[in-house]
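Quick notes on the structure that follows.
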Amino acid sequence: MLALRMPWPLPALIAWAGAWLIFVALQRAVPPVAALLVACLLGTAASVLGGSWWRRGLIAAGFPLSLALLGAASLPTWAWLVPLSLLLLVYPLNAWRDAPLFPTPRHALQALAVQAPLPPGARVLDAGCGLGDGLKALRQAYPAAQLEGLEWSWPLRLLCAVLCPWARVRRADMWKADWSPYHMVYLFQRPESMARAAAKAEAELAPGAWLVSLEFAVPGVLPSAQLRAPGGRVVWLYRMPLNRVEG
Ligand SMILES: C[S@@+](CC[C@H](N)C(=O)[O-])C[C@H]1O[C@@H](n2cnc3c(N)ncnc32)[C@H](O)[C@@H]1O
């Protein structure tokens, strides 16, 4: 992601400066709360440039915090809910429980098609697709596949659809979605989500379909294959039906 290539703290400095510029410029034209909303929108959108949770938080919170500390605008107390609400829109709480926004590295899946070949036109789902980095890596592995993404956060879903116009991206809860039409479901979530994902895959995916997870293995299941992605991360491949280990 372009975002992650910018050296820290450049993304934060650019986001804060941009938010302040917009706020000062807009204050002459619109009420202060509206100026705060637009400036915070910029800061929150720019927060996806942070490579870790605390960096994202700093990028998003820098402008409203500095505004509060400087007391540079007379705003009603409720106006401070604006930055908080924006953050919750981009990073909804239930998505935090499953996985924060960490992208699949660009070449992480380059060897996937050798271990898990798919027919042309196969449907592949990135469950929790974020900004589309997983979809881009899947596209590199399977240029002839039909790629689809599900994302809980609607701003991320919109951005992802813009960044990956060749994929079908929808806003949905991946746990409620039907996985049965897919030849492969790809996940980059959390270790705690893997048992649930395996149970869902076992119940819904057809025999021969694949569950693929970057970094996190399914506990108590033998992988059909595993790959070491550039950078040292492991890609775990499970072909249906799952090979559960007794005990
Ligand atoms: C670690 S990121 C991975 C993003 C993308 N798959 C990639 O590999 O680049 C996890 C994403 O899953 C999304 N997510 C978490 N829980 C979700 C759910 N229940 N339904 C849909 N998306 C979810 C989060 O919002 C976040 O964008």
Side-chain angles (χ1 to χ4, degrees), residues 1-5 44-57 59-60 86-112 116 123-142 145 147-164 166-179 182 184-201 204 210-217 227 229-237:
M1 225 175 19
L2 165 78
L4 298 175
R5 276 184 241 132
T44 309
S47 72
V48 299
L49 303 182
S52 64
W53 270 111
W54 69 269
R55 286 185 180 181
R56 281 185 203 113
I59 294 174
L86 287 176
L87 268 182
L88 286 176
L89 266 180
V90 177
Y91 306 112
L93 288 178
N94 82 326
W96 292 9
R97 205 177 47 225
D98 286 330
L101 178 70
F102 282 110
T104 294
R106 181 179 287 240
H107 301 296
L109 307 179
Q110 63 190 13
L112 186 57
R123 288 179 71 179
V124 176
L125 175 72
D126 182 352
C129 58
L131 286 172
D133 297 82
L135 285 169
K136 287 178 192 159
L138 285 165
R139 191 181 192 214
Q140 206 182 45
Y142 301 108
L147 295 169
E148 301 181 30
L150 292 181
E151 171 54 50
W152 181 257
S153 152
W154 68 259
L156 294 183
R157 174 250 174 253
L158 288 177
L159 275 171
C160 181
V162 172
L163 295 169
C164 304
W166 31 265
R168 180 171 178 237
V169 183
R170 286 176 295 138
R171 201 218 70 95
D173 183 348
M174 63 179 176
W175 300 118
K176 294 195 179 135
D178 178 11
W179 291 5
Y182 298 103
M184 176 180 284
V185 174
Y186 171 75
L187 294 168
F188 182 22
Q189 292 293 321
R190 283 161 62 111
E192 300 88 321
S193 313
M194 294 315 299
R196 186 176 181 190
K200 185 167 172 63
E204 296 179 15
W210 295 88
L211 178 70
V212 175
S213 168
L214 179 62
E215 193 141 355
F216 307 116
L227 305 168
R233 284 187 158 131
V234 176
V235 183
W236 302 89
L237 282 73

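We count ligands from 1, going down the list as the structure has it; atoms in each ligand are counted the same way.
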Examine [X] against ligand 1 and note whether any of their N/O atoms are separated by less than 3.5 Å.
X: S153; result: no
X: P103; result: no
X: M174; result: yes

What distance separates [X] [atom1] from [Y] [atom2], expressed to the nearest 0.5 Å?
X: Y182; Y: L125; atom1: OH; atom2: CG; answer: 5.0 Å
X: D133; Y: L163; atom1: CG; atom2: CG; answer: 8.0 Å
X: S153; Y: L159; atom1: OG; atom2: CG; answer: 8.5 Å
X: R196; Y: M174; atom1: CZ; atom2: CE; answer: 7.5 Å
X: W210; Y: L112; atom1: CH2; atom2: CG; answer: 8.5 Å
X: L109; Y: K136; atom1: CG; atom2: NZ; answer: 13.5 Å

Proximal ligand 1 atoms for [X], defined as those under 4.0 Å from one of its heavy atoms:
X: D126; result: 5 (C), 6 (N)
X: W175; result: 19 (N)
X: A172; result: 20 (N), 21 (C)
X: D133; result: 9 (O)
X: G130; result: 4 (C), 27 (O)
X: G128; result: 3 (C), 4 (C), 5 (C), 6 (N), 10 (C), 11 (C), 12 (O), 13 (C), 22 (N), 23 (C)
X: Q189; result: 10 (C), 11 (C), 12 (O), 15 (C)
X: D173; result: 18 (C), 19 (N), 20 (N)

Between the main-chain N or O of D178 and the side-chain N or O of E204, is there a donor-acceptor pair closer than 3.5 Å? no
When you measure from the centre of the six-membered ring of W152, is the NZ or CZ of R171 closer than 6.0 Å and no more than 45° off the axis? yes
Regarding K200 and the six-membered ring of W179, is the cationic atom NZ or CZ under 6.0 Å from the ring centre and inside 45° of its axis? yes
For ligand 1, does [X] get within less than 4.0 Å through its side chain, its backbone, both, or neither, judged by non-hydrogen atoms?
X: L156; result: side chain
X: A137; result: neither
X: T104; result: both

